Structures are given as structure tokens and as C-alpha cells.
There are 2 protein chains.
Amino acid sequence: MPIGFEQHDHTTCIQTALTSAETCCADEGLQLTKVRRRVLELLLVEHKALGAYDILSTLNSEGLGSQPPIVYRALDFLVANGFAHKIEKLNAYSACCHPGKAHAPVFMICRACKYVVEAQTEPLRNFLGSTAKAAGFLIERTVIEIEGLCPACQKAEVL
Amino acid sequence: MPIGFEQHDHTTCIQTALTSAETCCADEGLQLTKVRRRVLELLLVEHKALGAYDILSTLNSEGLGSQPPIVYRALDFLVANGFAHKIEKLNAYSACCHPGKAHAPVFMICRACKYVVEAQTEPLRNFLGSTAKAAGFLIERTVIEIEGLCPACQKAEVL
DNA sequence: CATGTAATGTTATACTATAACATATAGGAA
DNA sequence: TTCCTATATGTTATAGTATAACATTACATG
Ligand SMILES: [Zn+2]
Ligand SMILES: [Zn+2]
Ligand SMILES: [Zn+2]
Ligand SMILES: [Zn+2]
């Protein structure tokens, strides 16, 4: 799994995520059905976020469904069980890169190449916890998204 | 301005925000037109986020415009100049509570009463800065939103 | 007044998401 | 096996959010 935008063996990302989903579903009695699994695979193709309708058009071309509820149900399942995340800023969805762990994901989104990196963030979690505690606020979910330029696109920008 | 969900003199919030917007526009040669000012006022009525179409229906009833571009243009102006923020999680907009300062706002959103509090966060800004730096990422914008329960609604929940 | 820029008006459309109800499928109980 | 129930999928329709494109107006400046 990448901790940043560096090169990495992405087949490992894919395998880890799929295996983790399979294991988790088996353990918890959840059904990783054909459509759900296929959507997860599509989200794992690259570290980019996909819109629901992008996914739907692929599903449609593969005969797995043609109407919005098909894809939204699959996405709801994946998000609810921690196999994927919604990127609010993009109205798009991304496979979880750190499955199996409770986490408050931080996404770095490159506006140029569209890559999305999910960072590990225990310290941030603690930090937000204390901010919220000072206000007496009970945290249930967090959305932390950073938009900007990845290292490669910063270099390209200069040219 | 509230630092949390406590009671406060909200007329001060309103006055400060409007004065700040007027001053800033005068200084920068920006036009705080009728529609733009009215939208800002509407966002300041309460510490809640308003959807674009909520705002539009008020504008419409006041004869200030009836089509979506009217409100989206005003919102774009307010957001671009730091007088308001978009709350991505809610697809809604909220007046800035700390105008005039560069800031990476943190929003605490109560899912029960819908109040939205914008916290001050220099330390978080620094923290995200170092997280991004480790990945070589250049930050341009941040979205930090915490969803949960405010103190009052936590008490109500127990009943 | 002439000219250019910024703002607004207007129509149409694109994109994102869910409600509601029908049907099918899988797994467990009788 | 058969029936039952819960879960998942199929289908139609619609709600909610946002922008493109182009016409018109307002206004500052020379
Ligand atoms: Zn990878
Ligand atoms: Zn994750
Ligand atoms: Zn206030
Ligand atoms: Zn602000």
C-alpha cells in the first residue's frame, strides 16, 4: 500500500483489498455478491476515485445492471462495511487502502492527475478527538480531504 | 463567535461577518451586490448550512431571482472570497465565522439539530501540512468535516 | 457618448442520488 | 423437500444538486 504517491506494486493493493473483503464477509456473514465484488474490483483498478455513473456504465457493458440503484446499493454495501470510501469533494468513490482497521481516513487528491491517496492517521484522529472534546462534541464520522498537487504534477506544472 | 456549541450573542456574529465582507470588498474592489449580500445574510441567520435551493426559494419570494445560476453565482462569489464555505458532506453552504483570516476550517456538524460550528485550527493546519509534506503533496484546499452530536443533542439522545 | 467589463437574466441540460414497489435468490425451519 | 423469511436484485420514476451557453443589463472610465 502506498503511503504517498510513490511507485508501488499495485497488484498487492488489489490482492490485499479483495482478500480482506472476502475474509471479512465470511467472518461476518456478509455476502460479497457478483455485483459488489465487481464494483470493488473496479474501484481497485487505480488509485483514483470513480463516480457512480462511471461504474454503472461499466457494469452495464458487462451485463451486470443498468440502473442507478444497482451501483448505489453496491457502493452503500462497500462503504458501510469499510471496503470503500466516498470522497465527498469529488462525489466519487475509492477503495479502502487500509481495510480491516478502524480509521479516520485522510485523502490527498491531486487535482491534475486525479490520483487519490489514503493516508494513515492515528495522530490526526487523536487531534480531532481533542478538538471535538473541547467543544463537547461526539464524533461519529469524519471527512478529511486535501486537494492539491502530487509530487509528479508539481514538477509538470513548472514546465 | 462561538468556539463551540455554547450560547452566544449571535447578532455579533452577523455584524462581524457583514462588516468584514463590506470592508474586504471595499478594499479589494469587489462588488457586494444586492443578491450577494442577501445570500450572505441568509447564511448568517443561524449556524446552520443552507442548500442552494433553499436559498433560491427565499430569493425567489423576495423577487431577487428564480433560477439556479443566480444563487450559485452568489455562492461562488462568497466562497471564492472567503465569506462562506461549502460543507461538502451536506451539499450546503455556511457563512464563514472567522472571516479575514487565512484558515483551514474544521466543521463540526450535528446530525440531530443540524447546527454547524466552524472551529479555529492553526495546529491542525500545521499537522496536515506535515502529513502532506511527508508525501511531497502541495496543499491547495482542505475539507475537514466532523459529523456527530453536539452537547445538547447528546443529552437529548439519552432521554 | 463610446467602450469594455462585470453582473444578471434565461433556457436548457447534465450530473448525482433515492423512493417505491416488484421479483428473484439463498439459507434455515418444519 | 417444501415452505418461509431475509436479503439481494430488477425496474420505473423522480428528487436533488450543479453548470453550460448565450442574451441582456448595469456601470465605471475615458
Ligand atoms: Zn496501489
Ligand atoms: Zn480506508
Ligand atoms: Zn452566532
Ligand atoms: Zn471560515
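Convention: sequence-line order gives letters A, B, ...; per-chain numbering from 1. Predicted model only: the values in this text are computed from it and were never measured.
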Separation of [N] [atom2] from [X] [atom1] (nearest whole Å):
X       : N      : atom1 : atom2 : result
A:Asn60 : D:dT9  : CG    : P     : 16 Å
B:Glu88 : C:dC15 : CD    : C1'   : 15 Å
B:Asp54 : D:dA15 : CG    : P     : 16 Å
A:Leu59 : D:dT9  : CG    : P     : 11 Å
A:Ile55 : C:dA17 : CD1   : P     : 10 Å

Between A:His85 and A:Glu118: side-chain donor-acceptor atoms closer than 3.5 Å |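 A donor-acceptor contact under 3.5 Å links the two side chains.
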Strictly by modelled atom types, are A:Asp9 and A:Thr12 linked by a side-chain donor-acceptor pair under 3.5 Å?
->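 Yes, because at least one side-chain N or O of A:Asp9 sits under 3.5 Å from a partner of the opposite role on A:Thr12.
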Treating [X] as the side-chain partner and [Y] as the backbone partner, does any N or O pair qualify as donor plus acceptor under 3.5 Å?
X        : Y        : result
B:Arg38  : B:Leu59  : no
A:Asp54  : A:Gly51  : yes
B:Glu145 : B:Phe107 : no

Mind listing the residues from residues 62-84 of chain A sitting with a heavy atom below 4.0 Å of DNA chain C? Number order is fine.
->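 Per residue number, the list reads A:Pro68, A:Pro69, A:Tyr72, A:Arg73.
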Strand-adjacent residues in residues 25-43 of chain B, judged by heavy atoms under 4.0 Å from DNA chain C =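 Those residues are B:Gln31, B:Thr33, B:Arg36.
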Do the charged groups of B:Arg111 and B:Glu147 touch, with an N to O distance under 4.0 Å?
->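 No.
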Output all residues satisfying ring-ring contact (aromatic ring centres under 6.0 Å, His included) with B:Phe137, sequence neighbours left out; order by chain, then residue number.
->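 Partners of B:Phe137 by the ring-ring contact (aromatic ring centres under 6.0 Å, His included) criterion, ordered by chain and then number, come out as A:Phe5.
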What about A:Tyr53, does its side chain sit under 3.5 Å from the base of C:dA14 through a donor-acceptor pair?
->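 Absent.
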With side chains defined as the heavy atoms from C-beta onward, is the minimum distance between A:Asn91 and A:Lys86 less than 4.5 Å?
->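 A:Asn91 vs A:Lys86: side chains touch.
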Do the side-chain N or O atoms of B:Lys86 get closer than 4.0 angstrom to the phosphate oxygens (OP1, OP2) of D:dT17?
->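 False: B:Lys86 side-chain N/O out of range (4.0 Å or more) of D:dT17 OP1/OP2.
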Under 4.0 Å between a side-chain N or O of A:Asn91 and OP1 or OP2 of C:dC15?
->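 So the side-chain polar atoms of A:Asn91 never come under 4.0 Å of the phosphate oxygens OP1 or OP2 of C:dC15.
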Is there a chain of hydrophobic side chains (I, L, V, M, F, W, Y, each step under 4.5 Å between heavy atoms) that links B:Leu75 to B:Val116?
->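 Each belongs to a different hydrophobic cluster.
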